[in-house]
Amino acid sequence: MKYLPLKKKKEFQRALKVGKRAYAATLSVVYFPSERIRYAVCVGKKYGKSVQRNRLKRLLREAFRAQAPSLEVPCTFLLIPKISDRYAYSAFRRDIGVIFRKEKLCRNP
RNA sequence: CGAGCGGACUACGCGGUCGCGGCGCGCCAUGUGCGCGAUGAGGAAAGUCCGGGCAUCGCAGGGCAGGACGCCUGAUAACGUCAGGUGAAGGCGACUUCAAGGAAAGUGCAACAGAAAUAGACCGCCCGCCGAAUCCCCGGUCUCGGGGUGCCCACAGGGAACACCUGCGGCGGCGGGUAAGGAUGGAAAGGCGAGGCAAGAGCUCACCGACGGGACGGUAACGCCCCGUGCCAUGUAAACCCCGUCCGAUGCAAGUUUGGGUUCCGUUCACACAGGGCUGCCCGUCCGAACGGAACCGUGAAUAACGCUGGAGCCCAUCGGCGACGGUGGGCGUAGAUAAAUGACCGCGCUCGACAGAACCCGGCUUACAGGUCCGGUCGGAUC
RNA sequence: GCGCGAGUCGCCUAGCGGUAUGGCGUCAGCUUCCCAAGCUGAUUCCGGCGGGUUCGACUCCCGUCUCGCGCU
């Protein structure tokens, strides 16, 4: 099962317009229900140079991929990390799980 | 052994599980799919500072403007790059650094200090004349008037004399000569020594430097030697500029294909000198259309495909060359994304892992960088 | 990706080869019963950073850092 990325600028604008927002310590999430599980990460130039940005995107994708199988309701997600000096995989993975439970999107309470 | 110099290379490794990009093959039978296989960032991929390829502008032509470069010879597709030399500067040395043409083509600038700044004469030195020279104040304004200070000193000779005359010297004034010396400065009209002179001065001479000419060596920059000229001309051209060489513009968001069809309406400029393109301007040259709105069918539209990676390619051997590099032969197939691919976890090892992520492609430059490996010189110390 | 521009006092600026100008601010004094306003004086920058050219660089040249803008 693949998780599809969002690509077009219009899709991002639509998500930001209709989606619900949820927050955790290391990142924010915008989501709305859709037919399949889709996601994107938002990492602009303010997060650093290309090496730092690529590293951040890899960590977010890996954390999302680890938590996604527990989802019950298929949605489209935008992952927006908070700016920091150090980014950790374990913190992203934990906070994504926290948000899923808080928004009642997964089976295990 | 210590210190230092130059060059080349490398950029954590191995195993396992789950994932990512495009590619190939297979399957389910077309979707926003599944499986297998090999493959997948750099020495700087960076900054975008130069040079090219490639593409479009009809051709890429001439001139002006503008820009870049600047010792010589070579390498190269080209370069502001590289190699080998020359010169200058630094270092005991290995070696390093240098935008290194022209200042008698012209213009500009040179603060402060200093007597004087691109030329000059304040002091000084010397010669001549003078001692009612001269200096100060007020008025006037360029011919001056009034008031005050002031009739120099020492020595020698003549002389009755402290008068007066003469002489040497000092002090002061005026006129002239001079550019040796003078607190400065980045720079003071070649330097230094001797002769010469009233005092001085390339005025004269030796040496060094500079300039001009010639011979020799070198492809050349240049080196070296000889002869001549007493020497005139500060610095700055990364100030304007002059000389020589080179440069058409725009850049893959270039550009090509699809991006619809029919009907109607409107605007602009034309049927030769107006408009538009090539170019910032001129010459020259080319073109007949361009744009906007409405209705119906159709519709993925900053999209899709191409450009997009086989190229001045990389590696090895050999030959030519001091070298950059070139020739020949053999081998290799090596990212191609587009919200944009290398990660997470576990185990082991060690020196505990820096700077950092392709976006059309190459050649350089510059900048960032934890360490590690190899090679070749140098200096110092000790021992033999 | 490609092409441009700017960094001067705590803030905003001027100047563009000769040790940096003005305003706001801050501090002190005068004025007032006190405050504000006003007046007077003082304080503050060695020029984003590193080299080079020059006697001398904020200024000219090169490199670098940061910030900003344009092209779809």
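Chain letters run A, B, ... following the sequence lines, proteins first and then strands; every chain starts at 1.
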If rC109(B) has a Watson-Crick or G-U wobble mate with both distances under 3.5 Å, name it; if not, just say none.
rG235(B)

Winner on side-chain proximity to R55(A), out of rG19(B), rA341(B), rA344(B), is rA344(B)

Does rC30(C) have a Watson-Crick or wobble partner in any strand here, with both distances under 3.5 angstrom, and which is it?
rG38(C)

Separation of L59(A) atom CG from rC18(B) atom P, in whole Å?
21 Å

Which value, in whole Å, describes the distance between the P atoms of nucleotides rA156(B) and rA201(B)?
39 Å

Between rC345(B), rA356(B), rC18(B), which nucleotide has the shortest distance from any of its atoms to the side chain of V51(A)?
rA356(B)

My understanding is that only one of E62(A), R61(A), R55(A) makes a side-chain contact (heavy atoms from CB on, under 4.5 Å) with L59(A); could you say which?
R55(A)

In this structure, CG of L71(A) is separated from CD of E103(A) (nearest 0.5 Å) by 12.0 Å

Does the side chain of R21(A) come within less than 4.5 Å of Y23(A)'s, by heavy atoms?
yes

Interatomic distance at P, rG70(B) relative to rC240(B), whole Å:
16 Å

Using the C1' atom as the reference point in each nucleotide, state the distance between rG347(B) and rG307(B) in Å, no decimals.
48 Å

L56(A) versus P81(A): any side-chain heavy-atom pair under 4.5 Å?
yes

Taking rG343(B), rA341(B), rA358(B) as options, the one with an atom nearest any side-chain atom of S50(A) is rA358(B)

Watson-Crick or G-U wobble mate for rC162(B), both contacts under 3.5 Å
none

Suppose you measure atom P in rA68(B) against the same atom in rG63(C); what distance do you get, rounded to whole Å?
13 Å

Provide the Watson-Crick or G-U wobble partner of rG87(B), both distances under 3.5 Å; none if there is no partner.
rC98(B)

Heavy-atom side-chain contact between Y31(A) and F100(A) under 4.5 Å:
no

Taking atom C1' in both rC55(C) and rG186(B), what distance in whole Å separates the two?
4 Å

What's the gap between rA295(B) and rC59(B) when it is taken at their P atoms, as a whole Å value?
42 Å

Check whether any side-chain heavy atom of V30(A) sits under 4.5 Å from a side-chain heavy atom of L79(A), and report yes or no.
no

Assigned partner base of rG7(C), Watson-Crick or wobble definition, under 3.5 Å:
rC65(C)

Complementary nucleotide for rC365(B) - Watson-Crick or wobble, under 3.5 Å
rG47(B)

Using a cut-off of less than 4.0 Å, is there contact between a side-chain N or O of R61(A) and OP1 or OP2 of rA340(B)?
yes

Partner of rA189(B) by Watson-Crick or G-U wobble geometry, both contacts under 3.5 Å, or none?
none

Given the 90°-from-0 boundary between syn and anti, rA41(B) should be labelled syn

Gap in Å between the two P atoms, one belonging to rA304(B) and one to rG19(B), rounded:
29 Å

What's the base orientation of rA29(B): syn (chi within 90° of 0) or anti?
anti

With nearest nucleotides of RNA chain B determined for Q52(A) and A40(A) from heavy-atom distances, which residue corresponds to the more 5′ nucleotide?
A40(A)

Given the 90°-from-0 boundary between syn and anti, rG377(B) should be labelled syn

RNA chain B: S90(A) or N54(A), which has the more 5' nearest nucleotide?
S90(A)

Determine whether more than 12 heavy atoms belonging to other residues, nucleotides or ligands lie under 6.0 Å from atom NZ of K82(A).
yes

Report the base-pairing partner of rC55(C) (Watson-Crick or G-U wobble, both distances below 3.5 angstrom), or none.
rG18(C)

What interatomic distance, in whole Å, is found between C1' of rC14(B) and the corresponding atom of rC375(B)?
31 Å

Let's test your reading of the model: under 3.5 Å, does the base of rG357(B) pair with the side chain of R58(A) as donor and acceptor?
yes

